[in-house]
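Structure, as structure tokens:
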Amino acid sequence: MADAALLRELRGERGDTHPSVWFMRQAGRSLPEYRALREGTTMLDACVRPDMAAEITVQPVRRHGVDAGVFFSDIVVPARLAGLGVEIRPGVGPVFDHPIRTEADVDALPDLGDAYEAALEPIREAVRLTVAELGTTPLIGFAGAPFTVASYMVEGGPSRDHLRTRALMRGRPEVWAKLAAWVAELSGRFLRAQVLAGASAVQLFDSWVGALGADMYRTHVQEHSAAALARIADLPVPRIHFGVGASHLLTPMLEAGASVMGVDHRLRLDEALEILPPGTPVQGNIDPAVLFTSEQARFAEARAVLAAGSGASGHVVNLGHGVPPDADPQVLTDLVSFLHEQRP
């Protein structure tokens, strides 16, 4: 598995074969086989059923021919496994039964001891099943970063401005730090369980971190993302860090312990490489909007991304965010085929 082209790119070993590609959210709502399989099962229940999670993870590899699977999960799955009341409401997103607003709320969070480790067994089993099915195709593990997961917990659900979260960080930084440290352990151990069960790389995903300035990130977030990534620092796997709208945070996010930086569609890869230290592998960053354009426009965007990333020590092609649920699967299949036809 270590010789897989995608893993070599993530390690900064530029290959001489076709580009490697996978898509964030490639497993899920855009695939009719996913919708058929999950009928009658809630999203979070599907995530903790090993057979179902494994099959959903493999579906896009089977259909699109991408160069990696990404473990089918959600950023709130670890919280549910730890015992928190949370559900994913259709059309809304993750919603917690009891938002975390006070120090007493933080102190009442479950202890992440042996019970949490035991609760991770369905995840380990799902990874084992997935790796067996994927064969020589790598599996990428996945977890939500402390800021985004803790923000969901504070806000109680999705938020446009994260005012309660930012107010907690500024007004009660000690309470925020205690909460973020709890989430860092939650996510870090979730990542570690996936790697020890067979995942070949991981991605720490920070959906909302772009709402913060660099000073706020360094003061209140970086150490907690670092703590999550430190949980797998002793394991020989690439560590991808990705944030949405986080072009201004590339350097501090890398410094949190990542070995690969994901870049969203708002910043060209060649511009990102001017910011990042020399030798940093990158991932990205085709604009998901081109999935709804002409083939000519899609392929032109793909060529532009390949050119912009050509100066990197390693480059794995991805979207600049996740696959939209109404994307045409055939468009993704054709895009993978086009990328696989390209040569350095």
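All values derive from a computational prediction rather than experimental measurement. Heavy-atom basis, side chains included; hydrogens, waters and symmetry copies ignored.
- By the rule that hydrophobic residues join a cluster once side-chain heavy atoms approach within less than 4.5 Å of another member, Phe71 and Leu129 end up as members of separate clusters.
- Residues Phe142 and Phe72 keep their aromatic ring centres 6.0 Å or farther apart.
- At a cut-off of 3.5 Å, with distance as the only test, no side-chain donor of His321 or Asn285 sits close to an acceptor on the other residue.
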Just list the side-chain donor-acceptor pairs under 3.5 Å for residues 163-170, sequence neighbours left out, or say none.
| residue | atom | partner | partner atom | Å |
| --- | --- | --- | --- | --- |
| Thr165 | OG1 | Glu155 | OE2 | 2.9 |
| Arg166 | NH1 | Asp161 | O | 2.6 |

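- Within the structure, no pair that satisfies the side chain to side chain donor-acceptor pair (under 3.5 Å) test touches residues 289-318, not counting sequence neighbours.
- The number of heavy-atom neighbours closer than 6.0 Å to CG of Asp114, taken from other residues, nucleotides and ligands shown, is 12 or below.
- The stretch residues 194-213 participates, sequence neighbours left out, in these side chain to side chain donor-acceptor pair (under 3.5 Å) pairs: Thr148-Asp206, Gln203-Gln283.
- When all heavy atoms of Ala201 and Leu7 are compared, the closest pair comes out as CB-CD2, 4.2 Å.
- Leu196 belongs to a hydrophobic cluster whose remaining members, ordered by chain and number, are Leu191, Val195, Val202, Leu204, Leu229, Ile232, Leu235, Val237; membership requires side-chain heavy atoms of ILVMFWY residues under 4.5 Å apart, directly or through intermediates.
- Salt bridge annotation for Glu55-Arg38: absent, with no cationic side-chain nitrogen under 4.0 angstrom from a carboxylate oxygen.
- Closest approach of Val149 to Ile75, counting heavy atoms only: CG2-O, 3.7 Å.
- Annotation: side-chain contact (heavy atoms from CB on, under 4.5 Å) contacts of Ser337 (sequence neighbours excluded): none.
- Taking 4.5 Å as the limit, some side-chain heavy atom of Leu84 sits within range of a side-chain heavy atom of Leu109.
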Glu121 vs Arg128, salt bridge (charged side-chain N to carboxylate O under 4.0 Å, His left out): CA-CA, chis, key distance, verdict: CA-CA 10 Å; Glu121 183 53 32; Arg128 288 191 288 263; 2.5 Å; yes
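- Every side-chain contact (heavy atoms from CB on, under 4.5 Å) that Pro32 has, sequence neighbours left out, goes to Arg35, Arg63, Pro329.
- For residues 224-248, the pairs satisfying side chain to side chain donor-acceptor pair (under 3.5 Å) are Arg192-Asp234, with sequence neighbours left out.
- For the pair Val316 and Pro281, the minimum side-chain heavy-atom distance is 4.5 Å or more.
- Annotation: salt bridge (charged side-chain N to carboxylate O under 4.0 Å, His left out) contacts of Asp270 (sequence neighbours excluded): Arg268.
- A salt bridge is absent between Glu9 and Arg11: the closest approach of a Lys/Arg side-chain nitrogen to an acidic carboxylate oxygen does not fall below 4.0 angstrom.
- Asp45 pairs by the salt bridge (charged side-chain N to carboxylate O under 4.0 Å, His left out) definition with Arg80, not counting sequence neighbours.
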Below 3.5 Å, can you tabulate the donor-acceptor pairs from side chains in residues 179-190 to any protein atom, sequence neighbours excluded?
| residue | atom | partner | partner atom | Å |
| --- | --- | --- | --- | --- |
| Trp182 | NE1 | Pro110 | O | 2.8 |
| Glu185 | OE2 | Arg189 | NH1 | 2.9 |
| Ser187 | OG | Gly144 | O | 2.8 |
| Arg189 | NE | Glu117 | OE1 | 3.4 |
| Arg189 | NH1 | Leu112 | O | 2.3 |
| Arg189 | NH2 | Gly113 | O | 3.2 |
| Arg189 | NH2 | Glu117 | OE1 | 2.9 |

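- Pro277 meets the side-chain contact (heavy atoms from CB on, under 4.5 Å) test with Leu254, Thr280; sequence neighbours excluded.
- A donor-acceptor pair under 3.5 Å links the side-chain atoms of Asp264 to the main chain of Gly245, judged by distance alone.
- Considering only heavy atoms from C-beta on, Val58 comes within 4.5 Å of Thr130 through its side chain.
- More than 12 heavy-atom neighbours from other residues, nucleotides or ligands sit within 6.0 angstrom of CG on Asp107.
- Salt bridge absent: Arg62 and Glu33 never bring a charged side-chain N and a carboxylate O closer than 4.0 Å.
- A ring pair (Phe, Tyr, Trp, His ring centres under 6.0 Å) check over residues 79-118, counting only residues at least two apart or in different chains, returns nothing.
- Remark: the His64 side chain and the Thr333 side chain contain an N/O donor-acceptor pair separated by less than 3.5 Å.
- Across every non-hydrogen atom of Ala312 and Val282, the tightest pair is CB-CG2, 3.8 Å.
- In terms of modelled atom types and a separation under 3.5 Å, the side chain of Arg343 and the main chain of His340 share a donor-acceptor contact.
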